[in-house]
Protein chains: 2
Amino acid sequence: MFTGWSVHSLDSKGRLAVPARFRDVLKALRDDRLVITTSDRCLVAYPQEDWRALADKISRLSQLDPRVQAFRRYFISGATDCTCDKQGRVLIPQALREMAGLESQVLLVGMQSNFEIWDKDRWYSAREEIRANFGDLSSFMAELGI
Amino acid sequence: MFTGWSVHSLDSKGRLAVPARFRDVLKALRDDRLVITTSDRCLVAYPQEDWRALADKISRLSQLDPRVQAFRRYFISGATDCTCDKQGRVLIPQALREMAGLESQVLLVGMQSNFEIWDKDRWYSAREEIRANFGDLSSFMAELGI
DNA sequence: GAAGTTAGTGGGGAATAGTGGGTAATTGTC
DNA sequence: GACAATTACCCACTATTCCCCACTAACTTC
């Protein structure tokens, strides 16, 4: 499971170090390949196997359903296979870097089954927004019985 | 499968580089011919074989049904065969360029069996729209168990 | 706290991918 | 057939990616 935060720097070539504890998770899956895709204002990385399962689910839906179409455009289309180099870094494709606004300081955020990749400043402002609505959020969670 | 995004530039002659990984897919199909057609606010490129199959299906539908006719006018009529030149570029016909509003910065978006060709700015606003309807999308994801 | 180990960072250099433009071939028009 | 416009082909240049190696910081172990 991917947990915890790490701040790493994106170097001038667009490479990002994957934290050792995340690499250990991948190693345990006997598969060092990641799939990186876009989400709301960040990128999300999945172990390749998990991504495959997810993509399969989607591919079985009607491709003409507009919701499926939107979902594929938004979430699936950007997905890119990335392998770690010998130093344990991945090259983030330029288009994804741009979409997620990655500058030099990058935050890797463990989300159990996957991890998110945020520009540090964006992360802080996103957190700030969440905090501002936290009252609503907690009552929503309470409704769910959590 | 066509996956991932690439930003390329449309040159002054209307040529567009096809990303190497997309060319590899075509090479695996032993057919470097593409069919490019118009879609909603972008262009869509299919390997020629796949396009043929799709067009066949549609041609078997009743040609008297006005909806079929509309669909054919909208989607089928613009289809153009394109082959990559030796530098791996395709010439996008001017009519299609205009239709999709392609300026200099162009995004190629992998959609598994085909790929879309977007003007970069349009792509960003289309994404924004999808996000604006995100309520729908997230409940859709919930249905899928994502 | 010294020495060894691991994690993260930076950059050189070769190979590959993408871009731009000149020129020849082709097409279409008069 | 002559001309202009478009398209295809070729070459040269630039940018990106990939595969190295080297360095530093942090953490372990003794």
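Chain naming here is simple, since letters A, B, ... match the order of the sequence lines and numbering starts at 1 in each. Just so you know, these numbers come straight off a predicted model, no measurement behind them.
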Can I get a per-line list of side-chain donor-acceptor pairs under 3.5 Å for residues 71-78 of chain A, giving both atom names and the distance, sequence neighbours left out?
from    : atom 1 : to       : atom 2 : distance (Å)
A:Arg72 : NE     : A:Gln63  : OE1    : 3.0
A:Arg72 : NH1    : A:Gln63  : OE1    : 2.6
A:Arg72 : NH2    : B:Met111 : O      : 2.8
A:Arg73 : NE     : B:Glu116 : OE1    : 2.8
A:Arg73 : NE     : B:Glu116 : OE2    : 3.2
A:Arg73 : NH2    : B:Glu116 : OE2    : 3.0
A:Ser77 : OG     : A:Arg73  : O      : 2.6
A:Ser77 : OG     : B:Trp5   : NE1    : 3.0

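Counting to the nearest Å, the P atom of C:dT19 and the CG atom of B:Leu10 are 10 Å from each other. Taking atom NE2 on A:His8 and atom C1' on C:dG10, their separation rounds to 15 Å, with Å as the unit. Distance CG (A:Asp11) to P (C:dA7): 18 Å, rounded to an integer number of Å.
Contact annotation: A:Ser9 reaches the phosphate of C:dG10 (side-chain N/O to OP1 or OP2, under 4.0 Å).
A heavy-atom distance below 4.5 Å is not found between the side chains of B:Arg131 and B:Arg127.
Residue pairs that meet the side chain to side chain donor-acceptor pair (under 3.5 Å) test with at least one member in residues 94-114 of chain A, sequence neighbours left out, are A:Glu98-B:Lys120. Listed by first and then second residue, the salt bridge (charged side-chain N to carboxylate O under 4.0 Å, His left out) pairs involving residues 34-50 of chain B are B:Arg41-B:Glu129 (not counting sequence neighbours).
A donor-acceptor pair shorter than 3.5 Å cannot be found between the side chains of B:Thr3 and B:Arg21.
In the region residues 100-111 of chain A, proximity to DNA chain C at under 4.0 angstrom, judged on heavy atoms, holds for none of the residues.
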Sugar-phosphate atoms are those with a prime plus P, OP1 and OP2; base atoms are the rest. Using that split, label each nucleotide of nucleotides 13-29 of chain D B, S or - for protein heavy atoms under 4.0 Å, 5' to 3'. ---SSBBBB--------

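B:Arg21 comes within 4.0 angstrom of no nucleic acid atom, judged by non-hydrogen atoms across all strands. If you check every strand for non-hydrogen atoms under 4.0 Å, A:Val18 touches sugar and phosphate atoms only.
Of the candidates C:dG10, C:dT19, C:dA7, C:dT19 carries the atom nearest the B:Ala17 side chain, counting heavy atoms from C-beta on.
For the atom pair CE (B:Met1) and CG (A:Asp81), the distance works out to 13.0 Å, reported to the nearest 0.5 Å.
Residue B:Leu16 belongs to a hydrophobic cluster whose other members are B:Phe2, B:Leu10, B:Val18, B:Phe22, B:Val25, B:Leu26, B:Leu34, B:Ile36, B:Leu43, B:Val90, B:Ile92, B:Leu96, B:Leu102, B:Val106, B:Leu108, B:Phe115, B:Ile117, with links defined by side-chain heavy atoms closer than 4.5 Å.
Between B:Asp11 and B:Lys13, none of the side-chain N atoms (NZ, or NE/NH1/NH2) sits under 4.0 Å from a carboxylate O, so this pair counts as no salt bridge.
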